[in-house]
Amino acid sequence: MIQSSSPPAPPLKGRGEAPSGRVDSGVPARRAALRMCQAVLDRGQSFDAAANMADDLPLPQDRALARTLALTVLRWLPDLDALIDSATPRPLPHDARARHALRVALAGWLKLHTPPHAVVATALPLVEGGPRRLVHGVLGALIRRPATLPDRPQLPAPFDVRWAHDWGADMAEAAAAALAEEPATDLTLKDASQTDHWAQALGGISLAPGHVRTPLKGSVTGWPGFGDGAWWVQDFAASLPARLLPAQAGDRVLDLCAAPGGKTLQLAARGCRVTALDMAEQRLERVRENLDRTGLDAELVAADALRWQPDAPFDHILIDAPCSATGIFRRHPDVLHLKGSTDMAPITLLQAALLRRAVQWLKPGGRLVYATCSLDPREGERIAERVIAGAPREAIGADELPAGLLPAADGWVRTLPGQVAGGLDGFFIARFRRLKD
C-alpha cells in the first residue's frame, strides 16, 4: 500500500541533516540534486549521465541523498510543480533555478521527511544571488498550509493519456502507483537450482526458477553472492526474452544489441556459445566486467548490426532492439520527461530493419526472439505484425510463462507494470521461426 505523503514525520539519518542538528550539511547534496534535475529536464540528458554530478561529494550518504532527491523530483514532478504554482503569483519558468530549488526542497520535505526548518535552511543557499525571498515565501506558504502529495504521482503528459488509451485506465493507474517509489531489485541467478538458497540469503522471493526479488537497498556490491558472481541485476521482465528462446547448451546464439548484458549472461549460463554484438565498445565493457565476475564466457563484438555480417548462421538469435525505453520508467523516471515528444519514425524503421536483417542469419528451423522495453505498441505489436519473409511468428504458449503472465491472442507477450505482485517493467516479446528450405 502506498502511504499518503505528509510532512511531520521525523528526519531520517543520512537524509542530509547532521546528528548535531546543523542543517548546512545537506546543502552540497541538494546542490548536486539540483544540477542533476537541470541536466535531465533542461538539457535532455539521461539520469544515468547526470548522476555523476554527485561523484565529487566526499560522503557516500550525500551522494546517495543527491541521487534520491533528484529521482524523487522526477517521479513527482507534475505534482511538485502544481504545489509551486499554487503558491506563486505568476508561474515560474520551468527551467528557472528557483523552480528547481523548490522542487528539490519539496521532495525532501514531503517524501524524505526533512523537517520544515531544514527544508528552508537548505533551499536558500541553492539560489544565492537569486530570488531567495521568493523561495522563502513559497516554502513558508506551503509549510503553513501544510501542503501534501497524493497517494500516487500524476503521470507526465502525454503518457497519462497515451497509456490509458493504449492499455486502459487500470494500467495507467497501476503505472502511476509503480512510479511512486523505487521498486525492489530483481536478480537473475547463474544457477537456477540455487533459487531457494539465494532467495533466503537475500531476504527475497522468487517469481520463477533462477529469479530472486530482494528488498535490499544500497550498493549491490556488498550483497551476498555478488563477489562470487552468483547473480546479476536484471528486471524480471527483461529476463523473459532469453527464457523464451529455446537455446540449449552448445547452440550458437547471437545476442544482438547486447549491452548491458543480462541476456548474454543468461544464455552463457545455459551453456550456449554466445556472440554478443553491440554498436558501442564502451557499453560492451560493462558486459565484459559481468562476464569476468560471473566466470561466464561470450564473444564480444563491437559493430553496427546493419553493416556487420557473421561468418556462419546461428542456431538462435535474440534482439533486444533499441527503443524509447518507456517500459523501464519504474527505475528510470527520467524517460517520462525525455521521450514524450520523440518522433518514433526513425526508431521503428531501425527496429524493422534489424529484424529483417537478423532473420537472414538464422539456420533453418532456428528461432528469433524480438523484444523491446517499450510501452509503445508502435515499437512492439506493430513491428511484429509485419510479414517477415521466410520467418513466420511462432506463438508463445501459456505454459512457457511464469505465473501471472499470459500471452496475447496473437501469440506474443506484453508485460505491463501491474501484472505481478511488486510489478515489472513494460516489455514486448515476439518469437519467429526460420522456415526450412
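Side chains are part of it too, since the values below use all heavy atoms of this structure and drop only hydrogens, waters and symmetry mates. In this text, all values refer to a predicted model and were calculated from it rather than measured experimentally.
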task: Before giving the answer on side chain to side chain donor-acceptor pair (under 3.5 Å), spell out for Gln266 and Thr188 the whole-Å C-alpha distance, their side-chain angles and the decisive distance to 0.1 Å.
output: CA-CA 8 Å; Gln266 285 179 273; Thr188 299; 5.0 Å; no
message: I need the full list of ring-ring contact (aromatic ring centres under 6.0 Å, His included) pairs touching residues 246-291, with sequence neighbours left out, sorted by first then second residue.
response: none
- request: Can you run down the side-chain hydrogen bond (donor to acceptor under 3.5 Å, both in side chains) pairs that involve residues 33-55, sequence neighbours left out, and say none if there aren't any?
  value: Asp42-His100
task: Only pairs at least two apart or in different chains count here, so list each ring-ring contact (aromatic ring centres under 6.0 Å, His included) that has a residue in residues 351-378.
output: Trp308-Trp361
- prompt: Is it true that the side chains of Thr348 and Arg378 contain a donor and an acceptor less than 3.5 Å apart?
  reply: no
query: Sequence neighbours excluded, which residues qualify as salt bridge (charged side-chain N to carboxylate O under 4.0 Å, His left out) partners of Arg367?
result: Glu394
- request: Sequence neighbours left out, what passes salt bridge (charged side-chain N to carboxylate O under 4.0 Å, His left out) with Arg103? Give chain and number order.
  value: Asp81
- prompt: With Lys363, which residues qualify under side chain to side chain donor-acceptor pair (under 3.5 Å), at least two apart?
  reply: Asp315
field: Stepwise side-chain contact (heavy atoms from CB on, under 4.5 Å) test for Arg356 and Ile388
entry: CA-CA 6 Å; Arg356 288 193 301 268; Ile388 307 299; 4.1 Å; yes
message: Under the rule for side chain to side chain donor-acceptor pair (under 3.5 Å), what residues qualify as partners of Thr372, not counting sequence neighbours?
response: none
Where at least one partner belongs to residues 414-426, residue pairs that pass side-chain hydrogen bond (donor to acceptor under 3.5 Å, both in side chains), sequence neighbours excluded: Arg330-Asp425, Glu381-Arg414
Qualifying side-chain hydrogen bond (donor to acceptor under 3.5 Å, both in side chains) pairs, either residue in residues 255-264, two or more places apart: Asp255-Thr264, Lys263-Asp320
- line: Taken in chain and number order and not counting sequence neighbours, the residues that satisfy side chain to side chain donor-acceptor pair (under 3.5 Å) with Arg433 are none
Extract all donor-acceptor atom pairs below 3.5 Å that involve side chains of residues 153-178 and protein atoms in other chains or at least two apart in sequence.
residue : atom : partner : partner atom : Å
Arg162  : NH2  : Gly340  : O            : 3.3
Trp167  : NE1  : Leu375  : O            : 3.0

- prompt: Which pairs count as ring-ring contact (aromatic ring centres under 6.0 Å, His included) when at least one residue sits in residues 383-425, sequence neighbours excluded?
  reply: Trp412-Phe428
